[in-house]
Amino acid sequence: MFRCGHVAIVGRANVGKSTLLNRLVGQKLSITSDRPQTTRHRIVGVVTRPDAQLLFLDSPGYQTRAGGALLDRVLNRTALQVAEDADVVVMLCDGRAWTAADEQIARLLPTDRPVLLAVNKTDAVADKGRLMALVDRARRCRDFAEVVPISARTGRQVELLLELCAARLPPGPAQYAADALTDRSERFLAAELIREKLFRQLGDELPYASTVEIERFDDSPKLRRIHAAILVDRESQKPIVLGAGGQRIKRIATEARIDLEKLLGSKVYLELFVKVKSGWAGSEQSLRAYGYE
Ligand SMILES: Nc1nc2c(ncn2[C@@H]2O[C@H](COP(=O)(O)OP(=O)(O)OP(=O)(O)O)[C@@H](O)[C@H]2O)c(=O)[nH]1
Ligand SMILES: [Mg+2]
């Protein structure tokens, strides 16, 4: 019997949701960084096996910071909605600490479908006794269908997690072609990879309200020609992204191009600009125009 369905990956910011999605699919589809709230959009990663097709849904990290900006609230909405839209939910936590935010998420997740707990970053936990104590605490919050210690970084027990999810999917035909990887366009993936480099290179200086917009995307089989703009909210943020003598934006473009060539399997010509667009994150309507749900 063939099974097919959605598996939502949810959890607080920075626990490794996107790293796990990439590990499951075997491709870098979803961007990652050590900054919280790296992921801003839901993305499907498709895994096809002889007996099942799993549609993994990565989502923004749920965060409990009070009085957040509109963008925070929109991201939180997506973070929980994704669990409502899935057949199976994987809640991911960091094996080094179970926090009040984890507790809150565990209680907010739906009760009418299987929720598995994956305890991630076990490669960074030396004391297995502490891991057991964390699992005990988590189990007191809710009745998880399974608890699986994993490492998205090394791949430890990720295959087991995948099998446990597949077994819980409803019977049904595949929804994507057997060689499909994602529901997202190359255009979207390109914008995201550029945003990853921006996040990684700017660290704490990064203006929170920044995003990437693809202005031109010409694809021929051998060469993708991409023009993209990094949008910032204020004129004063422009030099931060440019760097002295434009060095920083040049580095961002080079790193993004290398990753894009790997992902798309073609040569990429990438031209990157910075643009000031005041208030782009200021209204629901404007956020929707930039692809936020
Ligand atoms: N040691 C260790 N680090 C990990 C593991 N998985 C992820 N990380 C690191 O944790 C950080 C956050 O990873 P992400 O995959 O971006 O986390 P996320 O949950 O998607 O974060 P948001 O999208 O911001 O909610 C990155 O620096 C990863 O390299 C793991 O298994 N072990
Ligand atoms: Mg993420």
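Order of appearance sets the numbers: ligands from 1, and atoms from 1 within every ligand. These values consider heavy atoms only, across backbone and side chains, with no hydrogens, waters or symmetry-generated copies.
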Subset of ligand 1 atoms that lie under 4.0 Å from at least one heavy atom of [X]:
X: Arg35; value: 24 (O)
X: Gly61; value: 25 (O)
X: Asp34; value: 27 (O)
X: Ala152; value: 6 (N), 31 (O)

For ligand 1, indicate whether the residue [X] contacts it via side chain, backbone, both or neither (heavy-atom separation under 4.0 Å).
X: Ser30; answer: neither
X: Thr39; answer: both
X: Leu20; answer: neither
X: Pro36; answer: backbone

So is [X] polar-close to ligand 1, meaning N/O to N/O under 3.5 Å?
X: Ala124; result: no
X: Asp58; result: no
X: Pro60; result: no
X: Ser59; result: no
X: Ser18; result: yes
X: Ala13; result: no

Ion pair [X]/[Y], N-O distance below 4.0 Å:
X: Glu255; Y: Arg200; result: no
X: Asp85; Y: Arg42; result: yes
X: Lys121; Y: Asp94; result: yes
X: Asp259; Y: Arg257; result: no
X: Arg12; Y: Glu103; result: no
X: Arg225; Y: Glu215; result: no
X: Asp51; Y: Arg3; result: no

Heavy atom of Arg156, distance to ligand 1 below 4.0 Å: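 Outside the 4.0 Å threshold, so no.
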Whether Thr19 has an N, O or S atom under 2.8 Å from the Mg ion (ligand 2):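 Here the distance criterion (N, O or S atom, under 2.8 Å) is not met by Thr19, so no.
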Short N/O/S contact of Thr39 with the Mg ion (ligand 2) (below 2.8 Å): yes
Distance to 0.1 Å, residue and atom name: give those for the protein heavy atom nearest to [atom].
atom: atom 32 (N) of ligand 1; answer: Asp123 OD1, 2.7 Å
atom: atom 12 (C) of ligand 1; answer: Asn14 OD1, 3.0 Å
atom: atom 6 (N) of ligand 1; answer: Asn120 ND2, 3.2 Å
atom: atom 17 (O) of ligand 1; answer: Gly16 N, 3.1 Å
atom: atom 8 (N) of ligand 1; answer: Lys121 CE, 3.7 Å
atom: atom 29 (O) of ligand 1; answer: Arg153 NH2, 3.0 Å
atom: atom 13 (O) of ligand 1; answer: Thr19 OG1, 3.5 Å
atom: atom 18 (P) of ligand 1; answer: Lys17 N, 3.5 Å

Just by distance, do the side chain of [X] and the backbone of [Y] share a donor-acceptor pair under 3.5 Å?
X: Arg195; Y: Thr38; value: yes
X: Arg224; Y: Ser220; value: yes
X: Asp233; Y: Ser278; value: no
X: Glu196; Y: Thr32; value: yes

Looking only at non-hydrogen atoms, find the nearest pair between [X] and [Y] and report the distance.
X: Val90; Y: Ala118; result: CG1-CB, 3.9 Å
X: Val44; Y: Thr182; result: O-OG1, 2.7 Å
X: Ser18; Y: Thr39; result: OG-OG1, 2.7 Å

Lys275, NZ: over 12 other non-hydrogen atoms inside 6.0 angstrom: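 Incorrect, the count does not exceed 12.
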